[in-house]
Protein chains: 2
Amino acid sequence: MATEQIFKNRLKVARAEKDLSQDELARLVGVTRQTIGAVETGQYCPSARLALSICHALGKKFEELFYLEESK
Amino acid sequence: MATEQIFKNRLKVARAEKDLSQDELARLVGVTRQTIGAVETGQYCPSARLALSICHALGKKFEELFYLEESK
DNA sequence: ACAAAATGTCAAGTATGCATTGCAAAAAGA
DNA sequence: TCTTTTTGCAATGCATACTTGACATTTTGT
């Protein structure tokens, strides 16, 4: 196993900038609060569809919110 | 009523621009040929992780390759 | 025309995203 | 402090992404 790619995000900060709660963002994009929370804390990687609508809701480009990081 | 968001992509063209086969792209991003084929023909929406590594492999930004479209 | 490479597709199985419910802790506001 | 809002976390279940293997069809190259 060479280079493992870890999926990360800057959701928490971007959400704070818009002054939105997890629940408010969740309603905007049509998922539950728990789903937003889980994505935010890195519990799992969202679908590209969900990730895209989060981008739209927060007024950010994809690469500003989501990225891959190398792990050792 | 339900303004349904449909997940679409421009993978086929972008892949052709790089002169890569589905199999070559698949190996680059670490999935199977069938998975690339299925994403390309819109059979399903990839994970944000897979979508991102496809972007990297094709040298494109996310929004250049993937987008949401309104349908009725 | 022929062979090889590329693509479409299908079935069955595994992995994981996401919903739902519920409870507890932390933060914010009065 | 007391109360409300927000967030974390866990279990169960359904939906869907992704794998593996296999076969048919189309495209490309000689």
Exercise answer: donor-acceptor pairs, residues 43-59 of chain A side-chain atoms, under 3.5 Å, sequence neighbours excluded:
{"from": "A:S47", "atom 1": "OG", "to": "A:L50", "atom 2": "N", "distance (Å)": "3.1"}
{"from": "A:S53", "atom 1": "OG", "to": "A:R49", "atom 2": "O", "distance (Å)": "3.1"}
{"from": "A:S53", "atom 1": "OG", "to": "A:L50", "atom 2": "O", "distance (Å)": "3.2"}

Sorted by chain and residue number, the ring-ring contact (aromatic ring centres under 6.0 Å, His included) partners of B:F7 (sequence neighbours excluded) come out as B:F66

With B for base contact, S for sugar-phosphate-only contact and - for none (protein heavy atoms under 4.0 Å), nucleotides 25-30 of chain D reads ------

Taking side-chain hydrogen bond (donor to acceptor under 3.5 Å, both in side chains) as the test, write out the residues that go with A:K18, two or more places apart. none

I'd like to check the side-chain hydrogen bond (donor to acceptor under 3.5 Å, both in side chains) partners of B:T35; sequence neighbours left out, ordered by chain and number. B:T32

Check whether any side-chain heavy atom of A:L68 lies under 4.5 Å from a side-chain heavy atom of A:I6, and answer yes or no. no

Value for NZ (B:K61) from CD (A:E63), rounded to nearest 0.5 Å, stands at 7.0 Å

Chain A on DNA chain C: first and last contacting nucleotide, 5' to 3', under 4.0 Å to a heavy atom? C:dG17 to C:dG22

When rounded to whole Å, the CG to P distance for the pair B:L52 and D:dA17 reads 17 Å

Using whole Å, what does the distance between atom P of nucleotide D:dT16 and atom CZ of A:R49 come to? 9 Å

So ring pair (Phe, Tyr, Trp, His ring centres under 6.0 Å) across residues 18-40 of chain A, not counting sequence neighbours, yields none

Residues in residues 57-68 of chain B with a heavy atom under 4.0 Å of DNA chain C, by number, are none

Distance in Å, B:R10 CZ paired with B:K12 NZ, rounded so as to fall on 0.5 Å steps: 15.5 Å

Pull out every residue in residues 7-19 of chain B that has a heavy atom closer than 4.0 Å to any atom of DNA chain C, ordered by number, or say none. B:K12, B:R15

Quick one: list whatever passes side-chain hydrogen bond (donor to acceptor under 3.5 Å, both in side chains) with A:R27, sequence neighbours left out. A:D23

When rounded to the nearest 0.5 angstrom, what is the spacing between CG in A:L20 and CG in A:L25? 6.0 Å

Under the side-chain hydrogen bond (donor to acceptor under 3.5 Å, both in side chains) test, residues paired with A:T41 that sit two or more places apart: none

Rounded to the nearest 0.5 Å, what's the gap from CG on A:N9 to CG on A:L65? Could you check? 7.5 Å

Rounded to the nearest angstrom, tell me the gap between atom CZ in A:R27 and atom C1' in D:dT6. 13 Å

For DNA chain C, the residues among residues 30-37 of chain A that have a non-hydrogen atom under 4.0 Å from it: A:G30, A:V31, A:T32, A:R33, A:Q34, A:T35

Show your reasoning for whether side-chain contact (heavy atoms from CB on, under 4.5 Å) applies to B:E69 and B:E4. CA-CA 8 Å; B:E69 205 179 78; B:E4 193 172 333; over 6 Å; no

Distance in angstrom units between B:Q43 CD and D:dT19 P, rounded: 13 Å

If the threshold is 4.0 Å, N to carboxylate O, is there a salt bridge linking B:R33 and B:E40? no

Residue whose nearest DNA chain C nucleotide is more 5′ - A:A48 or B:E24: B:E24

